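Report on the following structure.
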Amino acid sequence: MSDINLNLILAIFIGFGSTLIQSLTGFGLSIVSTPLFLMVYDPKQVVLILQVICVVINIFFAIALRKNVDYRFLLILFIGSLLGQPLGLLIFQIAPNNILKIFVSLIILFFLIIMQLNHKKITETTLKTGITGVLSGILTTATSMGGPPLILYLANANRDKVSMRATCIAYFAITNISAIIIFLMGNTDFTFAIEQSIYLLPFCFIGLWIGNKLFPYLSQKMFNRLVFVMLLFSALYTIYSAIN
């Protein structure tokens, strides 16, 4: 079997697994698959492939979960994200690939350390939500991983898993749309990303369906632990791949 076929099979498994986790938690598609896709694709192609896959999956899932979305919170986040995305695009265009990987990983680890040292819950405010949106917007277009600031913010704000999952999915859906528009305005070529996404999306939808069936059996405590483990894995593996 050729290397191309083996890489595609690996990419399919990665897409399936990460979408299953996305369905359980409201995030994970980019956070889990980004470091793993780096074994298959060029780092900047990973960003574009995930933009295509995420926009399809998240729009579909957001429609299904729309009744549990906090729309006021979502609006503030999105405005912040729009402010951050152009800066993220600039970083994407000029930063070396390994620097991008390490940059994202260090941000994730920084927030995880804060989570472990500070056990006080965050009070949600308009300013904090807006800043979270800006940080997420920068990371969305720079690395395709806009989730960590939002996930860490919501987890420390003591949101229940139903609201957190639905709001995250809806947020990622609209930010993926705006990110793709910004990429296109920057004359980014999506040809290869679309070709690969055609192969990956059917298996991503299978993972989405299975995860949604399993979600009611996931306790809040297990949900929070899964969030922490996923973020830690993503950060450490990305640093490892950047160094080696």
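Everything numeric here is computed off the predicted structure, so don't read it as measured data.
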Output a table of donor-acceptor pairs, distance under 3.5 Å, between side-chain atoms of residues 75-89 and any protein atom two or more places apart or on a different chain; print 'none' if there are none.
from  : atom 1 : to     : atom 2 : distance (Å)
Ser81 : OG     : Gln85  : NE2    : 3.0
Gln85 : OE1    : Ser178 : OG     : 3.1
Gln85 : OE1    : Ala179 : N      : 3.3
Gln85 : NE2    : Thr175 : O      : 3.4
Gln85 : NE2    : Ser178 : OG     : 3.0

Original post:
Any side-chain heavy atom of Asp70 sitting closer than 4.5 Å to one from Met164?
Top reply: no
Original post:
CD1 of Ile53 to OG1 of Thr19: how many Å apart, nearest 0.5 Å?
Top reply: 7.0 Å
Original post:
Considering all heavy atoms of both residues, which atom of Leu29 and which atom of Gly15 are nearest to each other, and what is their separation?
Top reply: CD1-O, 4.4 Å
**OP:** Report the distance from atom CG of Leu50 to atom OG of Ser33, rounding to the nearest 0.5 Å.
**Re:** 4.0 Å
**OP:** Please identify each residue that fulfils side-chain contact (heavy atoms from CB on, under 4.5 Å) with Tyr71, with sequence neighbours left out.
**Re:** Arg66, Val69, Leu74
**OP:** Quick one: pull up CG in Leu184 and CD1 in Ile180 and give me the separation to the nearest 0.5 Å.
**Re:** 7.0 Å
**OP:** Start with the C-alpha gap between Phe172 and Val55, add the side-chain angles, then the distance that decides, and say whether side-chain contact (heavy atoms from CB on, under 4.5 Å) holds.
**Re:** CA-CA 8 Å; Phe172 294 140; Val55 76; over 6 Å; no
**OP:** With sequence neighbours excluded, tell me which residues meet side chain to side chain donor-acceptor pair (under 3.5 Å) with Asn68.
**Re:** none
**OP:** Let me see the working for Ile177 and Ile59 under side-chain contact (heavy atoms from CB on, under 4.5 Å), right down to the final yes or no.
**Re:** CA-CA 9 Å; Ile177 293 171; Ile59 288 175; 3.7 Å; yes
Original post:
Should Leu139 and Pro149 count as side-chain neighbours, where that means a heavy-atom distance under 4.5 Å?
Top reply: yes
Original post:
Could you give the distance from CG (Leu232) to CG (Leu109), rounded to the nearest 0.5 Å?
Top reply: 7.0 Å
**OP:** With sequence neighbours left out, write down each residue that passes ring pair (Phe, Tyr, Trp, His ring centres under 6.0 Å) with Phe92, or none if nothing qualifies.
**Re:** Phe183
Original post:
Given Cys168 and Leu154, is the side-chain contact (heavy atoms from CB on, under 4.5 Å) satisfied, shown in steps?
Top reply: CA-CA 9 Å; Cys168 285; Leu154 289 180; 3.5 Å; yes
Subject >> Over all atoms of both residues, closest heavy-atom pair of Ser23 and Gly211 >> reply: OG-C, 3.1 Å
Original post:
Are Asn58 and Gln22 close enough that some pair of their side-chain heavy atoms sits under 4.5 Å apart?
Top reply: yes
**OP:** Kindly write out the residues that satisfy side chain to side chain donor-acceptor pair (under 3.5 Å) with Thr125, not counting sequence neighbours, or none if the list is empty.
**Re:** none
Subject >> Minimum-distance pair of heavy atoms, taken over all atoms of Lys44 and Gln93 >> reply: NZ-O, 3.8 Å
Output a table of donor-acceptor pairs, distance under 3.5 Å, between side-chain atoms of residues 194-208 and any protein atom two or more places apart or on a different chain; print 'none' if there are none.
from   : atom 1 : to     : atom 2 : distance (Å)
Gln196 : OE1    : Tyr41  : OH     : 2.8
Ser197 : OG     : Ala193 : O      : 2.7

Original post:
For Phe190, does its backbone N or O pair with a side-chain atom of Gln51 as donor and acceptor, under 3.5 Å?
Top reply: no
Subject >> Glu124: partners by side chain to side chain donor-acceptor pair (under 3.5 Å), with sequence neighbours left out >> reply: Arg159
**OP:** Give every residue pair that meets the side chain to side chain donor-acceptor pair (under 3.5 Å) criterion with at least one member in residues 181-192, sequence neighbours excluded.
**Re:** Asp189-Thr191
Subject >> Pairs where residues 129-139 contributes a residue and the test side chain to side chain donor-acceptor pair (under 3.5 Å) is met, not counting sequence neighbours >> reply: Thr129-Tyr153, Ser136-Tyr171
Subject >> Over all atoms of both residues, closest heavy-atom pair of Thr123 and Lys128 >> reply: O-NZ, 3.2 Å
Original post:
Quick one: CG on Leu90 to CD1 on Ile182, what's the gap to the nearest 0.5 Å?
Top reply: 12.0 Å
Original post:
CZ of Phe16 to CG of Leu20: how many Å apart, nearest 0.5 Å?
Top reply: 5.5 Å
Subject >> Smallest separation among heavy atoms of Cys54 and Asn176, with atom names >> reply: CB-OD1, 3.2 Å
**OP:** Kindly work out whether a path of hydrophobic side-chain contacts (I/L/V/M/F/W/Y, heavy atoms less than 4.5 Å apart) joins Val52 to Met185.
**Re:** yes
Original post:
Does Arg165 use its side chain to pair, donor to acceptor, with the backbone of Leu24 at less than 3.5 Å?
Top reply: no
